[in-house]
Amino acid sequence: MRHLIDITDLTVGEIDELISVSERIIDDRQSFSDICKGKKIATLFFEPSTRTRLSFEAAMLELGGSVLGFASADSSSASKGESVSDTVRTVGCYADIIAMRHPKEGAPMAASKYSPVPIINAGDGGHNHPTQTLADLLTIQREKKRLDSFTIGFCGDLMFGRTVHSLINALSRYENIKFIFISPEELRLPAYIKEDTLNKKGIPFTEVERLERVIPMLDILYMTRVQRERFFNEADYVRLKDSYILEPQKLLSAKKDLSILHPLPRVNEISHNIDDDPRACYFKQVLNGKYIRMALILKLLGLEG
Amino acid sequence: MKIDEIQNGIVLDHIKAGNSMKIYKYLDLDRLDCTVALIRNVKSNKMGKKDIIKIDSPIEINLDILGYIDSGITVNIIKNCILTGKHHLELPEKLTNVLRCRNPRCITTEESNLDSVFRLTDRENCVYRCEYCEAESV
Ligand SMILES: [Zn+2]
């Protein structure tokens, strides 16, 4: 039985396959509309994340299946101290597949060792969130028509941003990608990722402090939020904060076919004035997230090869 | 100093000087009834100083733990006073219930029923990471 705990659980070939199934779903939603008839997904959300939960539930409903589950730990058995292994062994009797969100890192991995049905990691603390990465990859594929040969900039909090780490990891397996990391010094990408994922594979990257300098070089810009409390001192925050906010002025020097991604929710790091710019892809990314979750559910249930 | 040769058992040789007490503890050798000799700071041409442990009983030892603590150790198996096997160790790929994860956000720190599993992710630098949260062992 297959689970999806970490994006690297999938081979590049399997990711390509998920992308192509997603594109078939997008082109012909009707023919997938009852493929999961009689199947149930349990969304076990030990911490609330409404958008991710709704994405999984919408995905299953659009495949003709049904959903059950809980939306936070206080409405679940976890509040009575039940272990994740017992929870999934129980829920596995009712559902055909489980999407699990948990505040503790590694909880879905622990669950996968005991579960009688496939587990999808829907986010475990600050650790992994592989279906966000799949949504990112599908968005890049649909915007660029390829997953290789481009320059991608990651902007914001690169130290704690799990979606950034996971996407870098996934993209490091494709050819000819240049990475530019744009962050304040204290929020740079962790050294182990630079070392283990990039240097070891000889993948080039650049680190800069200001977005303005590099924006003309980018084919893709992946924005993340920078929180004030992550800065070591107020002076640096004041000096740099505007550099991590994307507003129309900065886009003047950007490529015409730049694709702007953001895992959402945003606070103020992307100005609302950009939402109507054709280069803004973050709401398409949300929609793509649903389609690739549909493809993933089919794959893990063995319904679509 | 002379220690009686063993008849049926195990000799752990080429232990890095100072590591023998740690091995004694990790392998629970204090639970054994048989003769156990722990010899420290033996002169060695190759190593300068080394430790040796002799166990006069053909016990099963966990080579993974041993390899993790000190992969330079040679394990000699003795049967009827004759050397019948010699094993060189290497860093094990996986350690189960040897290390505990120190990441307070890790599920294993909350749920003690889970096996604690660490995997070797970088042989060159001897890096082990928690299978659950991927935190490095310390
Ligand atoms: Zn851990």
Side-chain angles (χ1 to χ4, degrees), chain A residues 3 5-9 44 46-47 73 76-90 100-115 119 121-130 160 162 165-166 168-169 190-201, chain B residues 16 19 22 26-28 60-72 88-138:
Chain A
H3 308 281
I5 305 303
D6 184 301
I7 191 66
T8 54
D9 293 347
L44 308 185
F46 292 83
E47 68 176 3
S76 79
S77 51
S79 57
K80 301 189 197 96
E82 190 182 58
S83 65
V84 288
S85 54
D86 282 3
T87 303
V88 295
R89 277 185 287 207
T90 306
M100 177 187 285
R101 175 102 163 189
H102 201 287
K104 289 282 179 180
E105 298 174 10
M109 152 67 81
S112 72
K113 295 190 174 193
Y114 299 92
S115 174
I119 299 280
N121 181 359
D124 57 335
H127 182 219
N128 273 325
H129 192 4
F160 299 100
R162 65 178 173 188
H165 302 169
S166 174
I168 293 169
N169 206 342
Y192 75 89
I193 296 179
K194 287 185 258 188
E195 197 44 50
D196 294 358
T197 309
L198 300 171
N199 285 343
K200 274 199 184 146
K201 295 184 188 166
Chain B
K16 207 168 124 206
N19 268 348
K22 200 169 164 187
Y26 267 93
L27 294 181
D28 294 323
E60 285 276 320
I61 54 174
N62 186 331
L63 295 179
D64 285 348
I65 297 183
L66 212 53
Y68 170 70
I69 299 172
D70 184 347
S71 58
H88 296 282
L89 298 178
E90 55 178 33
L91 288 173
E93 287 293 335
K94 181 176 162 185
L95 287 168
T96 304
N97 295 328
V98 177
L99 306 169
R100 293 298 303 178
C101 185
R102 302 284 181 84
N103 173 6
R105 299 176 306 278
C106 179
I107 186 69
T108 60
T109 61
E110 185 164 286
E111 298 196 1
S112 54
N113 64 313
L114 297 169
D115 274 341
S116 167
V117 180
F118 277 75
R119 288 186 184 278
L120 182 62
T121 57
D122 182 347
R123 185 172 288 278
E124 209 175 302
N125 298 305
C126 185
V127 176
Y128 282 86
R129 289 186 182 276
C130 173
E131 183 175 44
Y132 301 89
C133 72
E134 296 178 86
E136 208 174 310
S137 67
V138 280

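Since the structure is predicted, the reported quantities are computational estimates derived from the model, not experimental observations. Residue numbers begin at 1 in each chain, while the letters A, B, ... track the order of the sequences.
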Trainee: Might you confirm whether atom NZ of A:K194 has over 12 heavy atoms from other residues, nucleotides or ligands at distances under 6.0 Å?
Mentor: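 Above 12, so yes.
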Trainee: Roughly how far apart are A:E105 CD and B:I107 CD1, rounded to 0.5 Å?
Mentor: 10.5 Å
Trainee: Where do B:L114 and A:Y114 come nearest, in terms of heavy atoms and distance?
Mentor: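 Here B:L114 and A:Y114 meet closest at CD2-CE1, 3.8 Å.
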Trainee: Take atom CZ in B:R102; do more than 12 heavy atoms of anything else shown fall under 6.0 Å from it?
Mentor: no
Trainee: What closest approach, in Å, do B:N113 and A:S85 show between heavy atoms, and which atom pair accounts for it?
Mentor: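 Nearest pair, atom of B:N113 first, then A:S85: ND2-OG, 3.3 Å.
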Trainee: Between A:K200 and B:D122, which heavy-atom pair has the shortest distance, and what is it?
Mentor: NZ-OD2, 3.3 Å
Trainee: Side chain, backbone, both or neither: which part of B:T108 has an atom under 4.5 Å from a heavy atom of chain A?
Mentor: neither
Trainee: Go through the steps for B:V117 and A:K113 under the test side-chain contact (heavy atoms from CB on, under 4.5 Å), then give the verdict.
Mentor: CA-CA 12 Å; B:V117 180; A:K113 295 190 174 193; 3.7 Å; yes
Trainee: Grab the two heavy atoms, one from B:P104 and one from A:K104, that are nearest each other, plus how far apart they are.
Mentor: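 Taking B:P104 first and A:K104 second, the nearest heavy atoms are O-NZ, 3.0 Å.
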Trainee: Are there residues of residues 124-137 of chain B that reach to under 4.5 Å of chain A by heavy atoms, and which ones?
Mentor: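 Hits under 4.5 Å: B:R129, B:E131, B:Y132, B:C133, B:E134.
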